[in-house]
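In what follows, every chain begins at residue 1, and chains take the letters A, B, ... in the order their sequences are listed.
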Amino acid sequence: MSNSEISFVRTEMLPEKAPPAKETGAIKWIRQNLFSGWLNILLTVLSLYVIYAVLSLVLPWAFGGVWNAGSLTECREVLFSFYKGSHDGACWAVIEDRWLQILFGFYPPELYWRPILAFVLLFVALAPILFADKVPGQLMWFSLAYPFLAAWLVWGGSFWLPIFAAFGFVAAVIAYKILIKFAGPIVANLGALAAALIWWGMLMSPISDGLHKMVGSSRFENTVATLNARTDALPAEVAAEDALLEAKQAEIAEAVEVKNEILIEMTGIRIEEFGIEEQFEAKEVALQRIVGASESISDLSDILADWGGAPVAASGASEGDIAKAEAAAETAEDLVGDIESLLTGALSDLADDTVDASELMVSSASQADPSIAEDVSSMVSKAGLEDPIAALIVRAGNVSTETPEAELMALQADVETAASALGANIEALQTVHDKVIATNAESLVDPQARLLDQTSLLTALRDDQTVISQSKFRLETELSEGNSFLNSLGTLEAREASLPGLRSRVADLKAELPRNMRNLIAVNQLPEGTSSADERLLSEYLSARSDVLGVSASVNDTYGELGRVGLLPIDSRNIGGFMLALIIGIAGIVLSLPLGILLALGRQSHLFIVNKICVVFIEVIRGVPLIVWLFTASLLLNYFLPPGTNFDLVLRVIIMVTLFAAAYIAEVIRGGLAALPTGQYEGADSLGLSYWQSMQLIILPQAMKISIPGIVNTFIGLFKDTTLVLFIGLFDPIGLAGAIRADTAWNGIYWELFIFIGLLFFIFCFSMGRYSLHLEKKLQREHR
Amino acid sequence: MKKSVFLGAMTVAGLAAGAAAAGTLDDVKARGTLNCGVTTGLVGFAAPDANGVWDGFDVGVCRAVAAAVLGDPMAVEFVPTTGQTRFTALASGEIDLLARNTTWTFSRDVDLKFEFVGVNYYDGQGFMVPRELGVSSAQDLDGATVCIQTGTTTELNLADYFRSNDISYEPVPIETNAEAQQQYLAGACDVYTTDASGLAATRATFENPGDHVLLPEIVSKEPLGPLVRHGDNEWADVARWTLNALITAEELGVTSANIEELSAGTNNPEINRLLGTEGELGAMLGLEADWAKNALMAGGNYGELFEANIGESTPIGLARGLNAMWTEGGLIYSPPFR
Amino acid sequence: MTTLTDPPKGNFRLSQLIYDTRYRSITIQVIAMILVLLGIFWLVNNTIQNLSALGKDFDFGFLSQPAGYDINQRLIEYTSQSSHGRAAIVGILNTLLIAFLGCILATILGVVVGVLRLSKNWIVSRMMAVYVEGFRNVPLLLWIIAIFALMTEGMSQPRDFKVGGDASMILGDSVAVTNRGVYVPGVVLENGLFGLAVLNWLLILAVLIASIVCIRLLSRRADHIQESTGVRPTTWYQQLALLVIPVGLVLFFMGAQLQFPYLKGFNFTDGVHLRNSLIALWLALSLYTGAFIAEIVRSGILAISKGQSEAAAALGLRPSRTMNLVILPQAMRVIIPPLISQFLNLTKNSSLAIAVGYMDVRSTLGGITINQTGRELEGILLMAAFYLVLSLVISGVMNVYNNRTQLQER
């Protein structure tokens with residue numbers, strides 16, 4: 001604006017100047033964030049150093065690793081052929097070989113879809129809880145059904161088993177609905193409990209067995225026919241797989257042969273290198289000895305100088321001085337001996353373990369690099385190294401504590417000359433060595449590449465072999481199971497027919513047995529002085545009873561197998577690795593929620609006894625480490641449960657972990673309950689709601705929502721703690737690592753497995769933790 | 001056959017009652033599988049491979065017993081046990097047979113109430129030291145740091161040995177062989193002590209096996225063998241004589257290669273009795289007549305099992321030593337089949 | 001809840017036990033009690049039956065039998081001829097030691113890292129975040145194994161300390177860091193007043209405590225003077241003298257001498273040997289728990305609203321005083337309860353000691369002893385009881401503190 005009226009008022013602003021370079025962009029950021037004060041500078045430098053130190057150690061190891069190898073030995077071969085001991089590399093081949101095992105344990109590979117499906121469905125089941133506003137409420141029913149569905153998917157069995165198990169809850173609800181019409185809530189609740197227990201304990205298994213029997217009988221003929229056909233056909237199939245396997249093994253042997261030839265070829269190329277290396281060690285030891293001798297001489301001359309000749313205690317010296325003199329004299333004598341023996345040792349090292357420079361094998365290398373021959377020829381001869389030392393030994397032999405200092409000094413100077421000569425020789429050798437390596441490096445490139453190709457070929461072959469042997473194993477198992485099933489089908493009728501007879505025998509024996517003995521479960525429980533007739537009677541009764549139980553169980557089992565409509569049952573023993581950790585963790589949290597809520601309410605309750613029971617339970621569980629509870633599950637549960645009860649270790653662990661988690665969940669939920677303003681409780685009371693109504697409609701929905709992050713954190717903790725089951729012989733990921741290392745191929749593997757397992761845990765727990773943080777933030781927003 | 005259906009397991013609380021009381025043989029037959037306790041992994045003795053199939057010397061014994069009882073070496077469920085859980089697993093009936101390189105001792109036999117059915121490996125506790133230490137005898141180990149695997153008889157033997165020789169030492173207890181190996185190789189202990197077989201197996205997998213020496217002293221007797229519960233003599237007999245059958249077969253030259261031929265009948269009555277073509281030994285045990293033949297078909301005779309799993313042709317490379325046939329100066333000896 | 005009119009009394013009918021809220025709670029409690037008692041009876045009865053069927057008894061006599069195994073780290077006299085009971089006590093003391101050391105180091109680490117994580121220095125705060133997340137999200141067992149292995153592989157063996165070896169002692173040849181542990185100089189008393197070494201040390205401890213009491217009295221007097229005159233007398237040199245001189249005198253008269261470790265045979269002798277198992281377990285537990293404590297400290301500091309420090313600044317308090325008098329006392333209230341529950345966790349997690357061969361109570365009583373005697377029921381019960389008592393003591397302390405610092409709501 002040129003036509004400004006007031007001339008002294010500035011109308012145009014100066015254009016903004018760019019800030020100084022150190023106040024912008026990255027530099028500003030670095031100045032402000034990293035170097036803002038002396039403490040910060042120190043911390044930054046320190047941090048950078050730590051990061052550098054760690055990465056420089058880990059990265060070459062991790063990225064210089066070997067991915068294709070059949071065993072640790074092969075890994076080492078490959079590493080050696082590339083780096084020749086100068087460099088340690090990871091042997092990731094073990095992960096390549098066993099990663100599926102670390103994830104799934106021994107679960108049959110063809111059935112991996114089942115646990116995977118169960119895992120995917122878990123997120124569907126969680127949706128109504130985590131994203132209540134985005135999914136239809138009906139999905140809640142799926143969430144309730146999920147535990148049964150997942151257990152069925154993982155363990156298999158007839159499809160009605162999970163339905164029957166779930167029906168217990170339905171029975172409880174029905175009983176409650178009926179009873180509440182006639183009696184109060186206490187009676188109704190007890191009735192519901194009783195209904196569920198009756199269903200699970202008494203009705204469920206007979207009905208399930210009945211169903212199995214019904215389906216089984218109708219299938220009997222058919223099954224026997226198919227099984228017969230199958231077991232007839234299977235041996236041929238196994239034999240075919242065997243032939244394949246043999247062919248594959250021959251191929252592998254051939255490939256190993258080729259690999260070994262490549263290795264030999266490489267050794268051939270490197271033979272000159274190795275020849276020189278052999279010289280190094282002996283020469284270096286000799287050098288050390290000579291230097292030691294020189295040090296001994298200077299020590300000796302120091303002592304002699306201190307005492308003005310050989311140390312002798314002056315007459316009339318104090319007791320301490322005499323002791324000192326004696327010690328010094330002794331040391332001096334020792335030193336005199338040392339000088340000679342060190343030199344002699346050095347000489348013998350050189351004489352026995354080294355060769356003359358002219359004998360070094362460098363012919364092929366010097367063809368490639370003529371300077372090598374020159375270097376070698378200019379090296380001191382073996383005699384040239386040895387002779388001065390031999391002369392020194394003679395002189396050292398004359399040394400005593402009386403030797404004048406000047407002589408010692410001269411000797412030391414000569415020893416040092418010998419040492420430096422040897423040092424120069426070693427250096428020359430080193431130069432030659434480096435040159436030889438340089439000439440070899442080129443010719444090694446091709447075999448190295450071939451070796452890598454060969455190992456990856458070997459890995460592919462071995463993978464094929466694993467597939468074949470796996471299918472062979474599957475066929476063999478099928479054959480063995482088919483045969484034994486046919487066997488049990490053959491005897492099924494007889495066993496079933498024998499049952500009534502056995503039962504009546506048990507009844508007879510029981511009637512004969514004195515009344516006070518009828519509850520005993522072992523002969524050694526009998527009081528002293530029982531007549532031998534009674535004892536025999538008891539043992540007969542016991543064995544008859546166990547026969548009945550055994551036969552009826554086996555009949556039921558056979559029918560169960562025959563009449564199974566559903567998935568192939570999988571033993572818990574085959575579950576391992578991450579799958580086991582996940583199953584224990586998820587089952588522990590899901591099953592512990594109801595108990596946890598009850599305990600939390602109980603601990604908040606004003607009913608004195610209920611409150612104290614809950615407090616004692618929670619504190620006892622929380623006060624003792626999980627590992628002790630796991631030992632209880634594996635060692636003591638047999639004592640606590642009815643005599644003879646014996647079930648699956650995984651199930652025992654899940655029960656124990658559920659109780660353990662319940663105490664922690666109870667504390668989390670108690671926190672949620674306590675966080676609600678008192679007004680909520682008072683409001684519910686003022687509406688005239690009963691205790692359970694107010695809990696169900698007002699308190700718990702809010703408290704649970706606040707508690708979700710805490711529950712997720714409890715889950716993360718529990719999931720990590722599942723690694724402790726290795727102490728009771730279950731194959732969690734760390735336990736599996738132990739089993740893998742017990743394989744001769746992988747014995748000695750260490751970090752690779754732990755890093756892999758640690759990474760898997762980290763990814764899982766970290767993402768869960770982030771999610772719980774996100775949830776927490778979301779909840780905070782909603783509450784404002 | 002897999003019958004322990006998970007959901008069913010909750011309801012069968014009473015069913016297994018028979019298991020602990022009596023009649024393991026009937027139980028196993030009815031169940032169709034043998035539950036065999038093994039280690040969670042020990043090189044050469046028991047370890048699962050990439051397919052989850054168990055393999056090893058102890059595993060071979062399990063398979064032989066399964067084959068003898070059920071006619072099928074595959075009908076075994078392997079139950080991995082730790083040093084701490086093994087006895088409880090056996091006492092509670094979770095497993096029928098424990099083949100987990102367990103030392104036969106008085107207190108285990110009498111006080112813990114188990115029945116050792118024989119010895120499948122004569123072992124002894126030895127020491128391994130790095131060659132560069134220049135130690136040639138365990139007597140030179142005064143003040144040494146010693147790695148021991150805990151939960152075994154090893155720590156008791158060690159304490160006794162050093163005490164009786166008046167040598168001081170520093171024990172470093174380690175939970176597993178793999179960890180102990182790592183500690184030893186890193187030099188965190190001067191000496192590694194465990195069963196001599198374990199030492200040899202461990203040394204075989206070192207990068208430089210030649211840098212380590214086994215000391216001549218064997219400080220204990222460790223007869224390792226399979227065991228069953230006290231008080232079930234029928235079952236103990238089956239396990240015992242299956243093991244004896246493996247041993248006798250080696251003595252008589254019966255191998256998995258020539259067994260088909262020999263079971264057609266031979267001139268040697270003992271072979272005939274063993275393979276069931278003569279006499280009724282199988283019936284006496286409550287088994288089929290060809291029980292021993294099945295057991296031998298599973299993995300071969302004792303010598304074959306040894307060679308295939310821990311013998312000199314394997315990476316472990318154990319010599320027969322004490323475990324040679326009695327006819328060849330060893331201790332492996334079976335009562336006659338008669 | 002109060003009702004305006006009491007319902008008519010008298011005529012108690014049985015159905016009131018179910019329908020009347022006044023009596024119903026009693027019914028519920030009685031039923032709960034009966035159910036619990038039935039459950040306990042069931043468990044105990046089963047146990048008795050099972051024990052008698054196995055021919056076992058319930059007997060703690062095994063505790064007085066000789067243990068037969070050696071323990072490397074023992075805070076009290078123990079040989080392989082001592083009893084299983086004594087082995088258990090050695091284990092208990094080792095557990096207490098590791099728990100105590102771990103709590104201290106974990107607190108220090110946690111506080112430092114928690115503060116550094118709030119640092120403006122990007123690299124430092126990122127590094128701390130990596131540390132915290134790394135330790136929080138990987139099982140402790142893996143960390144224990146990894147740290148132990150790292151220590152054994154990363155440090156030199158004692159034989160490398162020989163003349164000509166590649167390792168040497170540090171701090172003027174007084175400390176040797178080896179892969180078997182750290183050897184530091186120890187103090188020996190040449191002419192103690194009592195024959196038993198423990199008594200001598202107890203005497204020194206008593207003197208030390210007495211000096212500390214005197215120092216407290218001195219500083220209280222200084223407080224008085226400051227309150228009445230406004231000037232605080234300088235007392236630090238008196239305090240220092242009180243702390244150092246009496247103990248120094250006692251040590252001098254007992255002929256205290258530093259004993260330096262030196263290499264002899266396979267190992268270093270003399271001095272104090274801090275075993276690798278102890279250090280590895282200590283580090284692993286502290287680093288792991290420290291990561292959790294760091295988060296607690298961070299959230300504790302963040303929980304104090306900015307207005308507090310602004311108000312303190314408005315009052316003219318210096319930044320250091322603001323921290324000491326305003327922020328920390330408030331943050332402590334948030335920090336302490338979860339901190340103590342972390343201490344509880346650390347104590348319980350120390351039961352993983354077996355992974356590195358540290359002989360805690362779980363390895364002695366709950367490990368070798370159970371294994372050698374077959375007394376799993378008694379052994380595990382004893383072990384559980386010990387951990388329970390320990391936890392109750394720690395959480396008792398927590399509750400006392402909580403009650404003292406809690407803000408009173410209505």
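Taken to the nearest 0.5 Å, the CZ atom of A:Phe631 stands 7.0 Å off from the CD1 atom of C:Ile380. Distance check, rounded to the nearest 0.5 Å: CD1 of C:Ile26 to CG of A:Leu607 gives 10.0 Å. In this structure, the separation between CG on C:Leu35 and CG on A:Leu190 is 7.0 Å, given to the nearest 0.5 Å. A distance of 11.5 Å separates OG1 of A:Thr44 from CH2 of C:Trp122, quoted to the nearest 0.5 Å. Taking CG from A:Leu636 and CG from C:Leu381, the interatomic distance works out to 6.5 Å, rounded to the nearest 0.5 Å. In this structure, CD1 in C:Ile370 is found 7.0 Å from CG in A:Leu635, a value given to the nearest 0.5 Å.
Side-chain atoms of C:Asn50 come within 3.5 Å of backbone N or O of A:Asn638 as a donor-acceptor pair. Under the 3.5 Å distance criterion, the side-chain polar atoms of C:Gln29 are matched with a main-chain donor or acceptor of A:Ile609. Remark: side-chain polar atoms of C:Lys348 are not paired, donor with acceptor, to backbone N or O of A:Ile627 under 3.5 angstrom.
Summarising the geometry of A:Val610 relative to C:Ala32, their closest heavy-atom pair is CG2-CB, 4.2 Å, with the distance given to 0.1 Å. In plain terms, the two heavy atoms of A:Phe640 and C:Trp42 that are nearest each other are O-CZ3, 4.5 Å. A:Ile51 approaches C:Ile123 most closely through the heavy-atom pair CD1-CG2, 4.3 Å. Here the shortest heavy-atom pairing between A:Ile734 and C:Ile145 reads CG2-CD1, 4.3 Å.
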Extract all donor-acceptor atom pairs below 3.5 Å that involve side chains of residues 749-766 of chain A and protein atoms in other chains or at least two apart in sequence.
unit_1   : atom_1 : unit_2   : atom_2 : d
A:Tyr750 : OH     : B:Glu179 : OE1    : 2.8
A:Trp751 : NE1    : C:Glu153 : OE1    : 3.1
A:Glu752 : OE2    : A:Cys91  : N      : 2.8

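A cation-pi contact, defined as under 6.0 Å to the ring centre and within 45° of the axis, links C:Arg362 to A:Phe727.
Side-chain contact between A:Arg770 and C:Glu133 is present, with heavy atoms from C-beta onward closer than 4.5 Å. Side-chain atoms of A:Lys720 and C:Tyr288, non-hydrogen and from C-beta on, do get closer than 4.5 Å to each other. Residues A:Leu43 and C:Leu116 are in side-chain contact: their nearest non-hydrogen atoms beyond the backbone lie under 4.5 Å apart. Counting heavy atoms from C-beta on, the side chains of A:Thr723 and C:Leu142 never come closer than 4.5 Å.
If you measure heavy-atom distances from C:Val36 to chain A, the contacts under 4.5 Å come from the side chain alone. There is no contact between A:Arg289 and chain C, counting heavy-atom distances below 4.5 Å. With a 4.5 angstrom heavy-atom cutoff, C:Ile394 does not touch chain A via any of its atoms. There is no contact between A:Val291 and chain C, counting heavy-atom distances below 4.5 Å.
Identified under the side chain to side chain donor-acceptor pair (under 3.5 Å) test for residues 614-637 of chain A, with sequence neighbours left out: A:Arg603-A:Glu619. Counting only residues at least two apart or on different chains, no side chain to side chain donor-acceptor pair (under 3.5 Å) pair has a member in residues 754-769 of chain A.
For residues 384-391 of chain C, heavy-atom neighbours of chain A at less than 4.5 Å comprise C:Ala384, C:Tyr387, C:Leu388, C:Ser391, sorted by residue number.
When each of C:Leu392, C:Asn349, C:Leu352 is scored by its heavy-atom pairs under 4.5 Å with chain A, the top score falls to C:Leu352.
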